[in-house]
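One structure is given below, encoded as structure tokens.
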Amino acid sequence: MHYALNLRTFFYSHYFYLGLRFAAGLVGVTLITLQFADMAVAMTVCIGALCTALMDMPSPLRHKFNEMSASVLLCSAVTLLISLCAPYHWLLMAMLVLISFAACMMVVYGRKSMPLQLATLFIMTMSMEHTMSVRQSFIHTGLFTLGAVAYLAYAMGVSWVLRHRIKQQVLAEALFELAAYIDIKADFYDTRFNLNEQFNKLIRHQSLLADRQQASRDLILRSHNNAKDAVVVQVHVCMLDLYELILSTHTDYALLRTHLADSPVMQTLHDLAYKAARDIESVAYDVTRKKSSYPEISYAPELEAIEAELAALQRHIDAGKPRHEALAVLRAQRNKIRAIIRMIGELHQASQKAYDTTPFWADADMGPFLSQQKYEFRMILSHLRMDSPIFRFSLRVAMAISVGLAVAAYLPYAAHNYWIVLTIVIILKPSFSMTKQRRSDRIIGTIIGCIITALIIKFLNYPAVILGILVLATVATPTFIYLRYRYAAIAVSVMILLQMHLIAPGNHDLIMERLVDTFIGAAVATAFSFVLANWEYQSLPRLVGEVLNVNLRYMQASFDLLQGKGKDDFAYRIERKRLMDSLAALSSALVRMLDEPSSKQRAVEDINLFIVQNYLLVAHVAALRAILRRHTTELPVEAVNAMLAESHDQVVAILERALAPDGAAAAQAQMAKVAPAAPATQVPWSGWPLVQRRIRLLQADAVKISVHRAAILRNLA
């Protein structure tokens with residue numbers, strides 16, 4: 001369950017704060033307007049505020065101002081244009097289609113442009129119902145812009161006051177997702193769970209975790225100028241270091257399950273991981289409450305049990321090598337878990353101390369860690385071609401809206417036929433899987449919302465009660481729109497139907513008309529989701545290639561770090577982030593493809609294995625780093641660096657050959673030539689076998705990556 005859906009954390013989450021801010025702004029703007037004008041004027045001003053409020057998301061202040069200002073300007077222009085065209089039916093229809101196409105082309109700017117696209121299409125559909133003179137159109141647009149600017153000023157003021165609070169909330173969300181990630185890893189020690197299925201689940205969650213960590217970076221690392229900001233920066237950095245340690249815990253779970261399945265140590269390892277997840281959650285919870293966090297969980301019983309079990313197993317061990325290897329793996333896990341527990345302690349400490357300056361890399365350029373977005377018109381022009389997924393999506397939406405308008409013209413009622421168009425706009429998304437999910441949520445949410453509204457009108461038809469429910473629905477709509485859209489669909493249906501009931505209480509067919517319009521819009525959106533569709537398998541070669549290219553840079557930065565080149569791990573962190581982002585993009589594409597028709601699914605197993613092997617490669621590098629850190633005082637630097645340099649050349653050569661057309665064969669040939677990375681004489685150092693083993697695994701994973709990449713290309717050809 002998402003952390004924000006838990007009542008314990010819901011009221012501290014930024015989702016709830018967004019709902020309160022949204023509702024307070026809309027209600028406040030409307031009530032103030034009613035002091036000076038009638039309800040019609042107040043509703044126009046309120047709609048202007050609503051369109052701007054759709055852009056009100058956690059974001060750096062400068063970015064928020066730019067994004068919301070763009071919404072004010074664009075939505076005001078659309079309002080004026082549609083109002084001027086409304087008296088001429090043919091011109092209005094043409095303009096609706098053109099604006100729909102242009103709004104959808106804005107998707108080229110990425111995820112942050114999606115609310116702007118929705119706001120543009122929303123005000124387009126809301127404006128198409130009113131026929132006005134030229135003078136009335138300008139007055140209407142002026143009132144709309146007044147509401148939009150009023151909400152912009154309000155939102156910026158509130159965001160400035162709560163700027164540190166929002167950083168805490170977004171950071172806490174990343175911590176909660178990290179705890180959920182550890183919960184998945186804990187089940188690797190539980191033999192009831194299938195290893196492959198568990199690994200797939202882990203990879204899927206890693207994509208979500210990467211997204212939350214990036215949101216945290218974007219807010220926290222852009223501006224950190226005071227002692228309070230320094231605390232969240234330190235917690236953020238500790239979180240990322242902890243994440244790397246958790247990556248390093250990946251081991252041979254199959255070996256542990258085979259030889260230690262009858263030992264209680266497996267349950268003990270599971271319990272330790274579970275406790276670690278709860279410990280991280282306690283840090284996240286305290287961060288949301290603006291409190292310093294202190295350890296409340298004791299790991300001593302489990303750690304003592306592991307030591308006792310290790311001693312018992314050592315006394316009764318047989319002579320078989322696999323059993324010895326299982327014990328070696330268990331000892332290594334014990335050491336890593338101890339390191340994780342120490343790092344969680346540092347996470348607690350980071351939330352307690354007020355720092356004079358931000359504890360981060362001095363004079364470092366944070367740009368590579370942050371999301372970079374350029375809003376250039378040439379990006380839209382570059383996608384005006386039939387092979388562009390965004391161009392095809394824009395055409396698809398324009399055609400669907402054309403059909404929706406035609407269907408609406410033949411309905412026996414015309415008071416709110418824009419509901420059909422709005423349903424199409426909300427459901428039809430760039431990918432088939434997103435459209436499928438949004439359609440399900442929209443239909444189910446609307447049905448439930450209509451039932452709730454009918455019950456309210458029948459049994460609670462009192463103005464005070466209805467106004468109270470309207471306020472709750474207004475809070476719930478933005479709260480759940482990015483959290484659980486189904487809940488938002490319920491809230492928005494209740495809100496709209498109750499508003500219309502207050503305005504026209506005699507319309508007893510309103511709820512049925514809402515349902516009919518929703519079903520018609522959903523049917524049109526579903527039909528057009530197959531028109532000029534962009535199937536996920538078409539983008540897979542590019543995404544796979546990006547992963548390989550980033551992996552090569554990551555390998556270079558990793559081996560430079562492991563060999564002590566450079567004064568810090570800044571370059572390594574950048575490349576690790578880029579690799580995780582590229583893996584998250586590929587993983588998301590795979591998940592979306594699994595929601596598509598079976599005839600459009602390609603190379604599912606090979607893509608999954610490709611993602612897994614790249615993830616394992618990152619885990620082995622993290623494990624190597626942990627081993628070298630653990631043996632700093634006794635480390636034979638020259639011998640280790642020589643082995644690392646040789647291994648780097650071998651792994652890079654394998655990955656480079658993987659990019660060739662015959663990559664798999666070339667990589668396997670390269671692997672056949674390489675000997676185990678070890679000098680002629682044995683180095684007297686306890687960590688030497690561990691380093692050798694990880695490097696052999698790195699080389700093997702590099703070959704497997706190449707093999708799976710070749711299989712993917714064959715299946716996609």
Side-chain angles (χ1 to χ4, degrees), residues 2 107 110-111 114 177 180-181 184-185 187-188 193-214 247 250 389-390 392-393 429-440 529-530 533-551 554 576-619 655 658-659 663-664 701-717:
H2 194 284
V107 175
R111 183 181 301 175
M114 296 293 283
E177 295 300 346
Y181 185 81
I184 297 172
K185 288 188 73 72
D187 290 335
F188 278 88
F193 293 92
N194 179 273
L195 278 179
N196 289 333
E197 292 178 2
Q198 201 62 21
F199 212 103
N200 293 341
K201 186 177 179 181
L202 187 74
I203 295 296
R204 304 296 179 269
H205 191 82
Q206 192 273 328
S207 176
L208 177 62
L209 177 59
D211 182 65
R212 298 296 181 261
Q213 288 179 341
Q214 187 57 50
L247 282 174
H250 185 83
I390 294 170
R392 294 160 70 90
F393 165 63
K429 297 298 176 186
S431 72
F432 181 89
S433 64
M434 293 169 66
T435 299
K436 181 180 176 182
Q437 182 61 51
R438 186 56 64 91
R439 179 191 65 208
S440 173
S529 64
F530 293 92
N534 178 60
W535 305 110
E536 291 297 334
Y537 76 85
Q538 296 169 331
S539 64
L540 291 176
R542 174 182 58 82
L543 293 173
V544 168
E546 285 178 1
V547 170
L548 275 176
N549 283 312
V550 175
N551 205 338
Y554 171 73
R576 182 185 64 189
K577 172 195 172 298
R578 288 172 176 164
L579 179 55
M580 286 302 186
D581 287 347
S582 63
L583 284 173
L586 181 58
S587 179
S588 296
L590 175 60
V591 171
R592 290 193 300 269
M593 185 172 68
L594 293 175
D595 281 335
E596 295 177 347
S598 56
S599 61
K600 304 299 180 182
Q601 298 177 17
R602 305 278 195 280
V604 173
E605 187 62 27
D606 286 303
I607 296 166
N608 190 65
L609 292 172
F610 178 84
I611 294 170
V612 167
Q613 294 304 146
N614 276 277
Y615 176 90
L616 287 176
L617 190 141
V618 176
L655 292 177
L659 289 169
D701 285 333
V703 172
K704 291 175 182 176
I705 286 170
S706 177
V707 171
H708 294 311
R709 192 250 182 182
I712 291 169
L713 295 183
R714 281 197 307 271
N715 287 321
L716 295 178

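Computed from a prediction, not measured in an experiment: that's the story for all the values here.
- Using a 4.5 Å heavy-atom cutoff, the side chains of Q198 and K185 are not in contact.
- If you run side-chain contact (heavy atoms from CB on, under 4.5 Å) between F432 and each of E536, R592, E596, Q437, only E596 comes through.
- Closest non-hydrogen pair, A533 versus R392, comes out as O-NH2, 3.3 Å.
- Using cut-offs of 30° and 60° for the angle between ring planes, the F188 and F199 rings count as perpendicular.
- Here the CG atom belonging to L617 is positioned 7.5 Å from the CG atom belonging to L579, to the nearest 0.5 angstrom.
- The distance from the CZ atom of R438 to the CE atom of M434 is 7.0 Å, given to the nearest 0.5 Å.
- Using a 3.5 Å distance cut-off with no hydrogens or angles, the side chains of T435 and S529 do not pair a donor with an acceptor.
- When side chains are defined from C-beta on, Y181 does not count as touching L208, because their heavy atoms never get closer than 4.5 Å.
- For the atom pair H708 NE2 and L609 CG, the distance stands at 4.5 Å (nearest 0.5 Å).
- From S582, atom OG reaches atom CG of N551 across 7.5 Å, with rounding to the nearest 0.5 Å.
- Rounded to the nearest 0.5 angstrom, Q206 CD and I184 CD1 are separated by 10.5 Å.
- Taking the side chain as every heavy atom from C-beta outward, Y615 and D701 never approach each other to under 4.5 Å.
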- [ ] Could you please spell out the steps behind the side-chain contact (heavy atoms from CB on, under 4.5 Å) verdict for M593 and K600?
- [x] CA-CA 8 Å; M593 185 172 68; K600 304 299 180 182; over 6 Å; no
TODO: Go through the steps to decide whether R204 and N608 satisfy the test side chain to side chain donor-acceptor pair (under 3.5 Å), and finish with yes or no.
DONE: CA-CA 10 Å; R204 304 296 179 269; N608 190 65; 3.2 Å; yes
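- Between the side chain of S587 and the backbone N or O of L583 there is no donor-acceptor pair closer than 3.5 Å.
- R709 and N614 share no side-chain donor-acceptor pair at under 3.5 Å.
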TODO: For the pair R542 and E546, evaluate salt bridge (Lys or Arg N to Asp or Glu O under 4.0 Å) and give the outcome as yes or no after the intermediate values.
DONE: CA-CA 6 Å; R542 174 182 58 82; E546 285 178 1; 3.2 Å; yes
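- In this structure the side chain of F393 never reaches within 4.5 angstrom of the side chain of N534, judged on heavy atoms.
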- [ ] Tell me, with the steps shown, if Q601 and Y537 meet side-chain contact (heavy atoms from CB on, under 4.5 Å).
- [x] CA-CA 7 Å; Q601 298 177 17; Y537 76 85; over 6 Å; no
- [ ] Begin with the C-alpha distance, continue with both residues' side-chain angles, and end with the deciding distance and a verdict on side-chain contact (heavy atoms from CB on, under 4.5 Å) for L586 and L540.
- [x] CA-CA 7 Å; L586 181 58; L540 291 176; 3.9 Å; yes
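- When all heavy atoms of M114 and V107 are compared, the closest pair comes out as SD-CG2, 3.8 Å.
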TODO: Please assess N549 against L659 for the test side-chain contact (heavy atoms from CB on, under 4.5 Å), listing each intermediate value before the final yes or no.
DONE: CA-CA 8 Å; N549 283 312; L659 289 169; 3.5 Å; yes
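- For the pair N715 (side chain) and A711 (backbone), a donor-acceptor distance under 3.5 Å is present.
- In this structure, the side chains of P541 and L716 come closer than 4.5 Å at one or more pairs of heavy atoms.
- Judged by distance alone, the side chains of K577 and Q214 do bring a donor and an acceptor atom under 3.5 Å apart.
- S431 places none of its side-chain heavy atoms less than 4.5 Å from the side chain of W535.
- Once rounded to the nearest 0.5 Å, the distance linking CG of L548 with OG of S706 reads 8.0 Å.
- What you find for L543 and A585 is that their closest heavy atoms are CD1-O, 4.2 Å.
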